[in-house]
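Beneath this line is the structure, given in structure tokens, with notes to follow.
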Amino acid sequence: MSTRQVVSRLAIAAGLALSGFALAGHADAATVEADKAGGRNPHELRICASNVEAPFSAADSSGFEDRIATVVAQAMGRKAVFVRSDKPGIYLVRDQLDKNNCDVVMGMDVGDERVLTSQPYYRTGYVLVTKADRDITTGDWEDQQIKDQTRFAVRFYSPAETMLKRIGRFEDNAAYMYSLVNFKSRRNEWIQVPGDRIVSEVAGGEADVGIAFAPEVARYVKASSTPLRMTVITKDIDRPNDTPIPMHYDQAIGVRKNDPALLTEINEALAKARPQIEQILTQEGIPLLEPNT
């Protein structure tokens with residue numbers, strides 16, 4: 001398993017789950033049930049999507065990845081057809097793409113070994129979320145400003161857990177972390193702390209710092225009535241005798257490995273739709289970095 005897979009939003013969660021337990025055209029996007037998707041229509045782009053992955057994807061196609069998928073399909077001269085599941089996004093490759101129920105998965109790390117990945121359509125990273133009036137400005141998770149904090153709102157299975165262990169805050173923070181999911185056991189089911197919960201915990205003063213992948217929380221930081229600061233983390237996590245866990249990622253569209261022709265078509269569409277894609281990302285409030293691939 002590669003370093004990228006270990007920390008990917010979709011790949012790490014999928015591995016753990018398997019082993020243990022609105023822009024123009026938005027209204028034109030169709031939705032079908034996965035078991036009715038049938039064969040591919042050359043005039044459609046079948047998009048693997050989850051109903052429960054806000055802000056990435058939602059049943060009403062209001063997720064920012066839903067909107068990006070729609071403009072990519074339009075740039076290809078196709079109709080966006082969302083093949084939806086009520087399972088979390090971690091299952092999309094295994095249960096939808098690999099079974100040919102749909103053709104693309106949005107928001108995958110470039111180089112994810114399970115699929116062919118497109119050219120990146122944006123790059124961003126993990127962030128620290130704090131109240132603006134606290135004046136915590138560092139992007140270094142090992143800075144004393146961060147070490148001195150008491151409560152951290154984080155998502156499970158993420159680099160944030162490793163950060164807390166490195167700065168000696170994981171054990172003291174564990175009870176609070178589990179309270180965010182009502183003390184459900186993550187051994188028996190896929191459990192995750194929603195991005196809006198991370199932000200509301202910080203805004204309400206329950207958490208001193210939120211740590212998350214920027215797209216998970218950007219929408220909620222931007223909409224918060226309490227002024228918040230979202231700072232991109234600048235320092236990777238070093239690992240003895242291994243490559244560091246990176247904090248910045250290129251995001252791409254994934255297709256099946258036996259579908260290079262579709263990948264070529266998608267890359268062409270991404271170049272054509274870039275202004276619209278950047279507009280969606282800017283509206284979402286996601287901090288954008290220069291692509292690394």
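In this text the structure is predicted, and so the values were computed from the model without any measurement. Basis for what follows: all heavy atoms, side chains included, without hydrogens, waters or symmetry-related copies.
Under the 3.5 Å distance criterion, with hydrogens and angles disregarded, a donor-acceptor pair is assigned to the side chains of Q283 and R67. Using a 3.5 Å distance cut-off with no hydrogens or angles, the side chains of D60 and S62 do pair a donor with an acceptor. A side-chain N or O of Q96 and one of N101 form a donor-acceptor pair less than 3.5 Å apart. Side chains of R256 and N100: a donor on one and an acceptor on the other come within 3.5 Å.
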Working for salt bridge (charged side-chain N to carboxylate O under 4.0 Å, His left out), residues R123 and E290: CA-CA 6 Å; R123 180 177 177 83; E290 288 296 321; over 6 Å; no

Check against salt bridge (charged side-chain N to carboxylate O under 4.0 Å, His left out), E265 and R78: CA-CA 11 Å; E265 191 176 352; R78 301 191 187 196; 2.9 Å; yes

side-chain contact (heavy atoms from CB on, under 4.5 Å) assessment of F152 paired with E161: CA-CA 10 Å; F152 297 81; E161 286 192 351; over 6 Å; no

Residues I136, D143; criterion side-chain contact (heavy atoms from CB on, under 4.5 Å); working and verdict: CA-CA 10 Å; I136 297 175; D143 189 278; over 6 Å; no

Worked verdict on F183 versus Y178 for ring-ring contact (aromatic ring centres under 6.0 Å, His included): CA-CA 5 Å; F183 297 98; Y178 278 99; 7.3 Å; no

Worked check of side-chain contact (heavy atoms from CB on, under 4.5 Å) between Y157 and Q192: CA-CA 9 Å; Y157 315 115; Q192 196 51 272; 4.0 Å; yes

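Taking a cutoff of 4.0 Å between a charged side-chain nitrogen and a carboxylate oxygen, K235 and E142 qualify as a salt bridge. Remark: K79 does not engage E44 in a salt bridge, criterion side-chain N to carboxylate O under 4.0 Å.
Across every non-hydrogen atom of A252 and T117, the tightest pair is CB-CB, 4.1 Å. Considering all non-hydrogen atoms of both residues, V115 and G254 come closest at CG2-CA, 4.0 Å. The two atoms that bring A80 and I47 nearest to each other are CB-CD1, 3.7 Å, heavy atoms only. In terms of heavy atoms, K131 sits closest to L228 at CA-CD2, 3.9 Å. Annotation for L45 and M76: closest pair CD2-SD, 3.9 Å, computed over non-hydrogen atoms. Here the shortest heavy-atom pairing between V199 and V217 reads CG2-CB, 3.7 Å.
Partners of A214 according to the side chain to side chain contact (heavy atoms under 4.5 Å, CB included) rule, which considers only residues two or more places apart in sequence or in another chain, are T124, V127, P287. Every residue two or more places apart in sequence or in another chain was checked for a salt bridge (Lys or Arg N to Asp or Glu O under 4.0 Å) with E268, and none qualifies. When the side-chain hydrogen bond (donor to acceptor under 3.5 Å, both in side chains) test is applied to E201, the partners found at least two apart in sequence or on another chain are Y176, R197. By the salt bridge (Lys or Arg N to Asp or Glu O under 4.0 Å) test, D259 pairs with R40, sequence neighbours left out. Residues meeting the salt bridge (Lys or Arg N to Asp or Glu O under 4.0 Å) test with D208, sequence neighbours left out: R134. In this structure A49 satisfies the side chain to side chain contact (heavy atoms under 4.5 Å, CB included) test together with S57, D66, F82, R84, sequence neighbours excluded. For Q144, the side chain to side chain contact (heavy atoms under 4.5 Å, CB included) test picks out K147, D148, with sequence neighbours left out. Every residue two or more places apart in sequence or in another chain was checked for a side-chain hydrogen bond (donor to acceptor under 3.5 Å, both in side chains) with E278, and none qualifies. Applying the side-chain hydrogen bond (donor to acceptor under 3.5 Å, both in side chains) test to Y121 and every residue at least two apart in sequence or in another chain returns E65. Qualifying side chain to side chain contact (heavy atoms under 4.5 Å, CB included) partners for T231, counting only residues two or more places apart in sequence or in other chains: R229. By the salt bridge (Lys or Arg N to Asp or Glu O under 4.0 Å) test, D95 pairs with K87, sequence neighbours left out.
With N267 contributing its side chain and Q119 its backbone, the two residues share a donor-acceptor pair below 3.5 Å. Although no hydrogens or angles enter the test, the distance criterion places no donor-acceptor pair under 3.5 Å between the side chain of R166 and the main chain of W141. The backbone N or O of G77 lies less than 3.5 Å from no partner atom in the side chain of H43, so there is not a single donor-acceptor pair. S158 places a side-chain N or O within 3.5 Å of a backbone atom of R155 that can act as its donor or acceptor partner.
Classification of the Y126-Y249 ring pair by plane angle, with boundaries at 30° and 60°, yields perpendicular.
V52 and V181 end up in different hydrophobic clusters when Ile, Leu, Val, Met, Phe, Trp and Tyr side chains are linked at under 4.5 Å.
The CD atom of Q251 lies 10.0 Å from the OG atom of S118; values are rounded to the nearest 0.5 Å.
Pairs passing the ring pair (Phe, Tyr, Trp, His ring centres under 6.0 Å) check and including a residue from residues 61-80, sequence neighbours excluded, read F56-F64.
Inter-residue side-chain proximity for D140 and I146 is flagged as unmet; no heavy-atom pair is nearer than 4.5 Å.
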